[in-house]
Amino acid sequence: MKYDHKKLEKKWRSFWESEEVFKTEELSDKPKFYCLDMFPYPSGKGLHVGHPRGYVATDVISHFKRMKGYNVLHPMGWDAFGLPAENYAIKTGTHPRKAVEKNIDHFKEQLDSIGLSYDWEREINTTDPEYFKWTQWIFVKMFKKGLAYEGTLPINWCPSCKTGLANEEVVDGLCERCDSKVFKKDIRQWVLKITKYADRLLEDLRDLDWPDSIKQMQENWIGRSEGAKIIFKVKEMDENLEVFTTRPDTIFGATFMVVAPEHDLVEKSLDQGLIENNTEVIDYVEQSRRKSDLERTELSKEKTGVELKGLSAINPMSGEEIPIWIADYVLGSYGYGAVMSVPAHDQRDYEMAEKYDLEIRRVIEGGEIPYTGEGKMIASDKFNGLPSSSGREKIVEELEKNKLGEKTVNYKLRDWIFSRQRYWGEPIPIIHCEKCGAVPVSEDDLPVTLPDVKKYEPTGTGESPLSGIDDWVKTICPECGGSGKRETNTMPQWAGSCWYYLRYIDPKNDETLIDPEKESYFMPVDLYVGGAEHAVLHLLYSRFWHKFLYDIGVVSTKEPFKKLKNQGLIMGEGGIKMSKSKGNVVSPDEIIDKYGADVLRLYEMFVGSFEDEVPWDEEGVVGMRRFLERVNSIRIGEKEDRELLGLLHRTIKKVTSDIENFKFNTAISSLMVLTNEMREREEVSKDIFKDFLKLLAPFAPHFTEELWSKFERDSILNSSWPSYDKKVAEKNKVFIIIQVDGRFRDKVEVNKGISENEVVEIAESRERVEKWLKGKKIKKIIFVEDKLLNFVT
RNA sequence: GCCGCGGUGCUGGAAUUGGUAUACAGGGCGGACUUAAAAUCCGCUGGGCGUAUGCUCUUGUGGGUUCGAGUCCCACCCGCGGCACCA
């Protein structure tokens, strides 16, 4: 039976709005459930069919939890700072704020048309001064705790975006946003000391209910490695050359040293005129400085380097003098930017030694050189014969005694480059004063808002477009009252999303960031759903900020997101990524117009495993429409039906556990099975049908409201989730599989709980089984109650 | 190179965690209704042999464990994602 989805969906959406069905209670006796989507960047393109997959899933769960009696917080907002709005402003001269407003209106309309149950009274927007006041407030707090500092550092510079980038924003040496090659450039930067939290970020990962892949990515990104700092004296200078190694046990095999081209020692020794091959060294350093990150890693196949002729290092254990080289395979930014090279036991050092004909000396027994495994120590003076694992400890102990080394831990994680030389971001709330240095804006003067500018173009000189606005830049130093200049760099796109989940809990509070009572009721986020692409960006940054907020007493939980799920991408037809240039973008609008929002919702949940990537297939969409129409054609009556009731209860059990486990596709298929069964009946009792509607309601809320309204006046979404009765659900007859030698031969229907002997008796009397047993001796009988009987001959 | 995930009909995908492989849906084929088409409804739909009750083969490949393997173990092939000179 056909139904008019447009009329019906409109009717129920306005009903939900006027009845405030989705309003979250502020503080309630009910248990809470905080169900969060990663909020979108409201782009000018609008939603495509892939976005709602996660939103529908959280919506299904929100309805489900609401029906189960939870006070559900399910909010939505906008992550609206960032480059696209700014680039659009450059192109068209429209203020980014205008473009953002327009895009938000469009996004909101699209989300509403899907029937998502957001509590819009809690909507937030990261570009709203009332919001970013608190983003700036957190920055000021970090500054005061010494976690935000200024420095001139070689940073990743994107020549096309004309701004510095964080390490996390550089993918394969390319800008994450525009795919330009990224270069190193020395610029004055604001940096956040995320490294101070490295251990806690690693530690607390363990207890999170997150996908293993994401946890592992964060673990690798933090990259903790235990080892030792060892000091090699430079013979010709009063300098210590510090290195980090995880293998102090191989120290007697160190036949040369390698420092990064940007290492201090290079400049110092050149200055002191100690280097014999001056020009060669200068050339090499220049060359590697000019290479982009990509080129430096692309050329990784073959090692390059230059010896610092005239210098030598002294091995602190053996006293041996060894040459010092520069090579760009050693990174200036990891450890101490220098290594002791043990070519016999390290792949890279081995390649270097082979190329430049340097000595390779085995000090660990084991396989073929370069041998990187453990083994007995040899050619290592008094440590000979020790296994490498304990020799390592012994050597570090001795170095510690002589103050020539110590145990230490190193991380791959670097501090977070936090400033961007662009317009459309939160101004960094700092005032530079000649007398007092960098001074934070007083908390009472927050927010520092963005001034209007005429030109949004980045200057490209390493300064933000804000630096041209004298009226805005010139201000008074909050400390001494003298003249000061505002910081003109802005925060990166990720700043606002680091803490937004907190603001939904208390969106209008202008006294504090969040009311503590509300915070302790609603936090942590129980379920967080979004794409996996944020694994080491947003998901790491927000954990860092959250831990900081925990330390200063703003939040009561150590971690923000208890459970995380990543939705798989929806690809274009044929499995290629949807994109404008390929012309294969499907908009939810057209699907909703043609088939209805409930059909879109059902299809997105039915296509495949939630976390897997799936291709979009419009032919599959019609199946969902047919399903709803079949439900619509079921005849309702009063007739009791034990068998159908049993199936209903099995379906309740299945749908309940499937929703809890994100197996939406099989939940829907079991609802289809029940529907097919109901359609075969003359009529279906009202009670069974009503429970069925409740199970379908989270997936198809508009459609089920309409059918429900024939029985009840209140919203079906306010009804309570049906409970499952084990006694009703269980069948009293079961099929038992009869096998001979593990092969299926027959099945028999018997009473539940029947004994082995009885089954054997029945089975042996069956012609189909007898045929296979004839002339054979039964060696063994395997019996699984209510399931299977196997004769082994 | 290292780490993680995966490989099941024509397609998207199920499989109670070791117990009838291919649920559910799409597509295809045949039929009903119709002047006709769409929609709808009914039936069939992994391969081979067979009119058929049926037999047999089949979950990337090869081996193994087991009464019994898509599921567990070993080796390999292919695809996807991440990291990548991290000392």
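So you know, we letter chains A, B, ... as the sequences are listed, proteins then strands, and number each from 1. For clarity, every value in this text was computed on a predicted model and none was experimentally measured.
Legend: residues meeting side chain to side chain contact (heavy atoms under 4.5 Å, CB included) with A/Glu682, ordered by chain and number and at least two apart, are absent. Every residue two or more places apart in sequence or in another chain that forms a side chain to side chain donor-acceptor pair (under 3.5 Å) with A/Thr656 is listed here: A/Trp721. Taking the side chain to side chain donor-acceptor pair (under 3.5 Å) definition, one finds that A/Glu359 meets it with A/Arg361, sequence neighbours left out. For the ring-ring contact (aromatic ring centres under 6.0 Å, His included) test, no residue two or more places apart in sequence or in another chain qualifies with A/Tyr411. With sequence neighbours excluded, the residues forming a side chain to side chain donor-acceptor pair (under 3.5 Å) with A/Thr195 are A/Asp415, listed by chain and number. Checked against ring-ring contact (aromatic ring centres under 6.0 Å, His included), A/His649 has no partners two or more places apart in sequence or in another chain. Under the rule for a salt bridge (Lys or Arg N to Asp or Glu O under 4.0 Å), the partners of A/Asp593 that lie at least two apart in sequence or sit in another chain are A/Lys6.
Legend: salt bridge (Lys or Arg N to Asp or Glu O under 4.0 Å) pairs involving residues 601-615 of chain A, not counting sequence neighbours, sorted by first then second residue: A/Asp59-A/Arg601, A/Lys565-A/Glu611. The stretch residues 661-676 of chain A participates, sequence neighbours left out, in no salt bridge (Lys or Arg N to Asp or Glu O under 4.0 Å) pair at all.
Aromatic rings of A/Trp325 and A/Tyr356 (six-membered ring for Trp) have centroids within the 6.0 Å cut-off, being under it.
Residue contacts for A/Asn410: at a heavy-atom cut-off of 4.0 Å it reaches no nucleic acid atom on any strand shown. Residue-level contact check: A/Lys215 touches neither bases nor backbone, having no heavy atom under 4.0 Å from any strand. Base engagement by A/Val330 is indicated by at least one non-hydrogen atom pair under 4.0 Å involving a base atom. When heavy atoms are screened at a 4.0 angstrom cut-off, A/Arg414 is found touching base atoms of the nucleic acid. Counting non-hydrogen atoms under 4.0 angstrom, A/Asn676 reaches the backbone sugars and phosphates but no base.
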Task: Per-nucleotide protein contact string for nucleotides 26-32 of chain B, where B marks a base within reach and S marks sugar-phosphate only (heavy atoms under 4.0 Å, - for neither) - done: SS-----
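Among B/rA87, B/rA84, B/rU20, the nucleotide with an atom closest to any side-chain atom of A/Lys747 is B/rU20. Closest approach to the A/Ser609 side chain among B/rA14, B/rC24, B/rG12 is made by B/rA14 (side chain taken as heavy atoms from C-beta onward). Here the nucleotide nearest the side chain of A/Arg743, chosen from B/rC57, B/rA87, B/rA14, is B/rC57. When distances are taken from the side chain of A/Ser669 to each of B/rA15, B/rG12, B/rC24, the shortest belongs to B/rC24. In the set B/rG82, B/rC55, B/rC41, B/rG82 carries the atom at the smallest distance from any side-chain atom of A/Met217. Distances from the side chain of A/Arg745 to the nucleotides B/rA25, B/rG13, B/rC55 place B/rC55 closest. For A/Asp328, counting side-chain heavy atoms from C-beta on, the closest listed nucleotide (B/rC83, B/rC85, B/rA23) is B/rC85. Among B/rA87, B/rA84, B/rU20, the nucleotide with an atom closest to any side-chain atom of A/Thr246 is B/rA87. When the nucleotides B/rG19, B/rA14, B/rC55 are ranked by their closest atom to the side chain of A/Lys787, B/rG19 comes out on top.
Straight-line distance between the C1' atoms of B/rC5 and B/rG9: roughly 24 Å, to the nearest whole Å. B/rC72 and B/rU66 are spaced 10 Å apart, taking the C1' atom of each and rounding to whole Å. Comparing the C1' positions of B/rC67 and B/rU61 gives an interatomic distance of 26 Å, to the nearest angstrom. Using C1' as the reference atom, B/rA36 and B/rG27 are 24 Å apart when rounded to the nearest Å. Taking atom C1' on both nucleotides, B/rG12 is separated from B/rU22 by 13 Å, rounded to a whole Å. Across B/rU58 and B/rC74, the matching C1' atoms stand 23 Å from one another, rounded to whole Å.
The interatomic distance linking A/Phe744 (CZ) with B/rA15 (P) rounds to 21 Å, in whole Å. The nearest whole Å value for the distance from the CD atom in A/Glu677 to the P atom in B/rC24 is 11 Å. The distance between atom CZ of A/Arg766 and atom C1' of B/rU53, rounded to the nearest whole Å, is 14 Å. In this structure, A/Trp616 places its CH2 atom 18 Å from P of B/rA25, rounding to the nearest Å. Atom pair A/His263:NE2 and B/rA87:C1' shows a separation of 13 Å (rounding to whole Å applied).
A stem is defined here as three or more consecutive Watson-Crick or G-U pairs, each with both distances under 3.5 Å; for RNA chain B these stems are B:1-7 with B:77-83, B:10-12 with B:24-26, B:27-32 with B:40-45, B:46-49 with B:54-57, B:60-64 with B:72-76.
One finds the CD atom of A/Glu354 at 11.5 Å from the CD atom of A/Glu302 (value rounded to the nearest 0.5 Å).
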Extract from the structure each pairing of a protein N or O with an N or O of nucleotides 63-69 of chain B at less than 3.5 Å, listing the distance.
residue, atom, partner, partner atom, Å
B/rC67, OP1, A/Lys780, NZ, 3.4
B/rC67, O2, A/Asn790, ND2, 2.2

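RNA chain B is contacted by both A/Ser213 and A/Tyr411; A/Ser213 maps to the nucleotide lying nearer its 5′ end (nearest heavy atom per residue). Two residues, A/Trp221 and A/Gly332, neighbour RNA chain B, and the one matched to the more 5' nucleotide by heavy-atom proximity is A/Trp221.
Under the 4.0 Å criterion applied to side-chain N and carboxylate O atoms, A/Lys303 and A/Glu351 are assigned as salt-bridge partners.
Checking A/Tyr284 against A/Thr304 by side-chain atom types alone, a donor-acceptor pair falls below 3.5 Å.
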